[in-house]
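A short worksheet on the structure shown next.
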Amino acid sequence: MQERENRFNQLMFGSSRKREQKEDGFSESSLANVDWNQLMSQCQEIAVSLQSLKPVIKELSPLLDLFQKKAK
């Protein structure tokens, strides 16, 4: 019975060993190697790109709605 419960717990929640390894994989040493200025700069570039794509998406939305209606 114990083995059956262990299999169920492993299926539903994963093994505890994998969880411990994942927690150890993300450590402060990996965060120390991040260039925060470059990361923030890239995030800003993505935001600007999305703003410039907004009018294009608005123009294509009727076409996308048409495809969505035909798919139903």
Side-chain angles (χ1 to χ4, degrees):
M1 187 74 171
Q2 179 86 15
E3 183 179 327
R4 189 174 184 182
E5 288 179 18
N6 286 340
R7 283 187 180 179
F8 176 77
N9 287 340
Q10 188 175 12
L11 174 70
M12 295 302 290
F13 307 113
S15 67
S16 59
R17 277 186 255 138
K18 287 181 184 177
R19 245 185 270 139
E20 290 173 7
Q21 289 175 353
K22 287 181 184 177
E23 290 175 359
D24 292 340
F26 185 73
S27 64
E28 291 181 22
S29 63
S30 63
L31 291 176
N33 297 332
V34 175
D35 184 3
W36 292 102
N37 288 330
Q38 183 180 7
L39 179 65
M40 290 300 142
S41 173
Q42 288 179 347
C43 288
Q44 185 178 9
E45 289 178 19
I46 290 170
V48 168
S49 298
L50 289 175
Q51 286 296 96
S52 66
L53 287 174
K54 202 173 193 179
V56 175
I57 293 171
K58 283 186 179 181
E59 289 180 14
L60 291 177
S61 66
L63 184 62
L64 295 173
D65 290 338
L66 179 67
F67 283 126
Q68 185 180 14
K69 287 179 184 176
K70 288 196 177 210
K72 289 182 180 180

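Computed from a predicted model, the values in this text were never measured in an experiment. Reckoned from all heavy atoms, side chains included, excluding hydrogens, waters and symmetry mates. Throughout, residue positions are numbered sequentially from 1 according to the sequence presented.
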message: Can you tell me how far apart OG (S61) and NZ (K58) are? Round to the nearest 0.5 Å.
response: 9.0 Å

Between side-chain atoms of residues 47-57 and protein atoms elsewhere (two or more places apart, or another chain), which donor-acceptor pairs fall under 3.5 Å?
{"residue": "S49", "atom": "OG", "partner": "E45", "partner atom": "O", "Å": "3.0"}
{"residue": "S52", "atom": "OG", "partner": "S49", "partner atom": "O", "Å": "2.8"}

task: Applying side chain to side chain contact (heavy atoms under 4.5 Å, CB included), name anything that partners N37, two or more places apart in sequence or on another chain.
output: D35

